[in-house]
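If you're wondering where the values come from, they're calculated on a predicted model, not measured in any experiment.
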Amino acid sequence: MQLDLLDWIVIGIYLLITTAIGFWFTSRAGKSMEDYFLAGRSLPWWIAGTSIAATWFATDAPLAAASLVRQHGIFGNWLWWYEAGGLMLLVFFFAKYWRRSNIMTDAELMEIRYSGNAAGFLRVFSAIYNGIIKNCVIMGWVMLAMVKFAQVLLGWDASLTLGICVSIAVVYTFASGLWGVVSTDMFQFCTGIIGSVILAVIVLNTLGGPAGMVDNISKLSDTPEGVMDILPSTKHTSPLEFVSYLCLIFVLWSRSGHDGYSAQRLFATRSDKHAVLASFLWGFLGITVMTWPWIIVGLGSLVIFPVSEASAALSADPELAYPMMLSELMPVGLKGMLVASFLAAFMSTMDTHLCWGGSYMVNDIYKRFFRKNDSEEHYVLASRVSILFLAGLATITAYYMDSIERAWIYIIDLTAGMAIVWALRWYWWRVNAWAELSAMISSLILANGGFIISGLYSFGLLSDKWYDSINMYYTTDYNMIRAVFILLISTVIWITIVFITDATDRKVLSKFYRKVQPSGWWGPIAADNLDVSTGPSGWHKWKGWFSGVVFVYSSLLGIGYLVTARYLMGLSFLFASLLSLYILIKQFDINSSKIKNL
C-alpha cells in the first residue's frame with residue numbers, strides 16, 4: 001500500500017516536532033550523567049508516569065492485543081492485564097524505596113544493599129542481564145512489530161524499516177538523554193492514544209456501534225470459542241489453558257513492577273511522593289486506558305477479515321491484523337496520522353530502553369570498573385556511544401524473532417524466578433548478594449531449558465524418554481505453568497543459598513536501612529537503629545494494594561463491558577472503580593494535593 005501525499009505530510013510534521021522536542025534538551029543533557037540519564041532528578045509525577053506508560057505503548061502492543069483476540073478471544077489479553085497486581089505492589093511497597101535509594105540504576109542498588117566482592121559481581125551481572133540480554137529482547141520485539149507494520153502499510157522490507165526507524169530514535173536519544181526522552185514521550189503518548197482511539201471509533205462506526213459489532217461477531221462460525229469473554233472461563237478453554245490463566249493472574253503478577261526502566265523514571269522524580277504517584281498513574285494508563293482501542297480493532301478484524309477467509313499471510317501471522325485494519329479503514333490524512341502514532345509508539349519505547357541500557361553500561365560497568373574518576377563530559381560521551389552499541393545489538397536480535405507473543409512469554413520465564421527475592425530484598429535483612437545472584441542464574445537456566453535439553457539430546461546426552469518428559473513443559477500449553485515452576489524452583493534455591501552463606505555486613509545494612517527506611521523483618525538492624533521511622537504498617541500497605549487492584553480492574557472491566565454492549569455490567573464496574581479511587585485518595589494519599597511543585 002502506498003500512502004498519499006497528505007499522509008506523508010502528516011508524518012513529516014510529526015517527525016519534525018519530535019526531533020525538535022528532543023534536540024531542545026541537548027544542552028541540559030550534556031552537563032552530567034545525572035542530567036543525561038535522570039533529568040537532574042527533577043521530573044514531576046505526571047510526566048514520569050506518562051513516560052513509563054508511553055514506553056508500554058510500543059508498536060508490539062496493538063499488534064499483539066489484536067492477535068490475541070483473533071486467536072483466543074478478548075480474555076487472551078490477560079497475558080499483560082495480569083500485571084496490575086505487580087504495578088500496585090510497586091505503588092505501595094517499593095516506589096518510595098527506589099527513590100530514597102538515590103541511585104542511577106537498579107544494578108547500583110546491589111552495592112548499597114549488599115557487601116563484599118559478591119555485591120560487585122552481582123552489580124555487573126545484573127547490568128548485563130537486564131541492560132543487554134533482557135533489554136535487547138524487548139527492543140527486538142518492538143522492532144519486529146515495526147517491521148510487520150511497515151511491511152503491510154508501506155511495503156518496506158526489514159532492512160529499510162529498521163534502518164530508518166532506529167536511526168530516528170537513536171538521534172534524539174543520543175543527543176538529549178532522559179529529558180528529551182520524557183518530553184517526546186508526552187507528545188508521542190498523546191499522538192498514539194488519539195490515533196488508536198480514532199481507528200477504534202471508525203471500526204465501531206463501520207460495524208454499527210458496540211451492539212452492531214457484537215451482533216456481527218455472533219453470526220460468524222469461525223471465531224474462537226468465547227471470543228467475547230473478558231474473563232477466562234472453563235466453558236471455552238481446556239483445563240490446562242484455564243490453569244495457565246490462573247497461574248498468570250494469581251501468581252505471576254508478583255514478577256511485575258520491578259523493571260529497571262520504570263525504576264529509572266522513579267529515580268528521576270522530585271521526591272518519593274512523586275515516585276508513588278508516577279507509579280499509580282502508570283498502572284492506570286497502562287492497564288486500563290490503552291488496551292481497549294486495540295481490542296476493538298482486533299474484534300473488528302474478525303468481521304472485516306474472517307478467520308476462514310483470511311489471506312495466507314494473515315492466517316500464518318495474526319499479528320498482521322492491526323496494520324491490515326488500518327490500511328483497510330483509515331481515510332487519507334488520518335492514515336498518515338495513524339502511521340505517525342505507530343512511529344510514536346515505536347520511538348517512545350526505543351528511546352527509553354536505549355537510555356536505560358546505556359545507563360547500565362556506563363554507570364555499572366565502564367565507570368565502576370574501568371574509568372572511575374574521569375570528567376562528567378567524558379561519561380556523557382561514553383553514554384552516547386553505549387546507546388549506538390545497544391541499538392546495533394537490538395537490531396540483530398530483531399532479525400532472529402518471528403513472534404511478539406512468544407517474546408513476551410520468554411521475558412515472563414526469564415524474570416519469574418526473581419519475583420520473590422526482588423520483593424524481599426527491601427523487607428528482609430537476611431537476603432544477600434548470593435541469594436539474588438542464584439535466583440537470576442537459576443531463572444536464566446530454566447527459562448532457556450528448552451534450548452539446553454535440545455542441545456543435550458542432539459549430542460546423545462539425553463534419552464528419548466527424558467527428553468520427551470522434560471520438553472513437554474516447554475510446549476505452548478505449559479507456558480504459564482512453566483513460569484510458576486521457574487518461580488518456585490528458583491525461590492527454593494535462593495532461600496537455601498541464604499542460609500548456607502554469610503549475611504551482608506551489618507554496617508552496610510545499617511547504612512542502607514537509615515537511607516531507605518524500609519519496614520519489614522529487619523530484626524537486629526532495626527534494633528541498632530531505633531531512631532529510624534519506617535512508615536505505615538504492612539497491613540496498611542496491603543489494604544492500599546487491594547484498593548488499587550480493585551480500581552484498575554474495575555475500570556478495565558467497566559470500559560470493556562461498555563464497548564461490548566453489556567451496559568449494566570459496565571456501569572456497575574465503573575461505579576466500583578470510582579468508589580475504590582475515593583478510598584485511595586482519602587486513606588492512602590493517592591492524590592497530588594500535598595505536593596507543592598507539581
Side-chain angles (χ1 to χ4, degrees), residues 57 61-81 84 192-233 235-237 284-310 318 321-331 334-335 337-338 341 551-578:
F57 189 167
L63 272 67
S67 171
L68 288 168
V69 170
R70 287 186 69 86
Q71 295 180 77
H72 308 287
I74 295 175
F75 66 85
N77 280 276
W78 282 98
L79 188 57
W80 66 336
W81 285 344
I193 286 291
I194 292 171
S196 61
V197 168
I198 288 174
L199 181 55
V201 169
I202 289 175
V203 169
L204 287 174
N205 184 62
T206 302
L207 299 179
M213 179 180 68
V214 172
D215 183 57
N216 275 286
I217 291 173
S218 68
K219 295 175 182 177
L220 299 172
S221 59
D222 54 3
T223 59
E225 287 190 61
V227 64
M228 302 304 296
D229 289 352
I230 298 177
L231 298 172
S233 167
K235 295 179 181 178
H236 304 123
T237 58
F284 174 66
L285 293 177
I287 300 296
T288 301
V289 173
M290 299 192 310
T291 54
W292 281 110
W294 308 331
I295 291 170
I296 290 170
V297 175
L299 290 170
S301 75
L302 293 169
V303 180
I304 306 297
F305 304 111
V307 174
S308 58
E309 301 174 19
Y322 195 94
M324 288 177 68
M325 287 290 285
L326 193 161
S327 176
E328 181 74 16
L329 297 178
M330 291 298 284
L334 284 178
K335 191 171 291 182
M337 181 181 177
L338 259 293
S341 76
F551 167 67
V552 170
Y553 281 145
S554 294
S555 303
L556 175 77
L557 295 173
I559 295 172
Y561 284 122
L562 287 179
V563 299
T564 54
R566 290 168 278 190
Y567 302 115
L568 182 59
M569 288 281 285
L571 292 173
S572 299
F573 274 107
L574 288 180
F575 176 78
S577 73
L578 292 174

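- Ring planes of W81 and W292: tilted class, angle from 30 to 60°.
- Atom CG of N77 sits about 4.0 Å away from atom CD1 of I295, to the nearest 0.5 Å.
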Please report the C-alpha distance between L299 and V227 in whole Å, then the side-chain angles of each, then the deciding distance to 0.1 Å, and finally whether the side-chain contact (heavy atoms from CB on, under 4.5 Å) criterion is met.
CA-CA 8 Å; L299 290 170; V227 64; 4.2 Å; yes

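- Within the structure, the side-chain hydrogen bond (donor to acceptor under 3.5 Å, both in side chains) test picks out the following pairs touching residues 223-232 (sequence neighbours left out): D229-H236.
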Which atom pairs, donor and acceptor, lie under 3.5 Å between side-chain atoms of residues 558-569 and protein residues at least two apart or in another chain?
| from | atom 1 | to | atom 2 | distance (Å) |
| --- | --- | --- | --- | --- |
| T564 | OG1 | G560 | O | 2.7 |
| T564 | OG1 | Y561 | O | 3.4 |
| T564 | OG1 | R566 | NE | 3.2 |
| T564 | OG1 | R566 | NH2 | 3.0 |
| R566 | NH2 | M228 | O | 2.9 |

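- Considering OG of S196 and CG of L326, their distance stands at 10.5 Å, rounded to 0.5 Å.
- In this structure, the side chain of N216 does not engage the main chain of V303 through any donor-acceptor pair within 3.5 Å.
- Closest approach of A200 and I296 over heavy atoms only: O-CG2, 3.8 Å.
- Side chains of W78 and L231 form a contact here, defined as non-hydrogen atoms less than 4.5 Å apart.
- With rounding to the nearest 0.5 Å, the separation of OG1 in T288 from CZ in F551 is 6.5 Å.
- A donor-acceptor distance shorter than 3.5 angstrom exists from the side chain of T291 to the backbone of I287, with no hydrogens or angles considered.
- When every heavy atom of G300 is checked against every heavy atom of V203, the shortest pair comes out as CA-CG1, 3.8 Å.
- The minimum heavy-atom distance between M330 and L199, with the atom names listed, is SD-CD1, 3.7 Å.
- Note that CD1 of I198 is 11.5 Å distant from CD1 of I193, once rounded to the nearest 0.5 Å.
- Ring orientation note: the planes of F75 and H72 are tilted relative to one another, at an angle of 30° to 60°.
- Taking CG of L63 as the reference point, atom CE of M324 lies at 11.5 Å (rounded to 0.5 Å).
- Annotation: the span from I304 atom CD1 to M325 atom CE amounts to 5.0 Å, rounded to 0.5 Å.
- For the side-chain contact (heavy atoms from CB on, under 4.5 Å) criterion with S67, the lone passing option out of S301, P318, P62 is P318.
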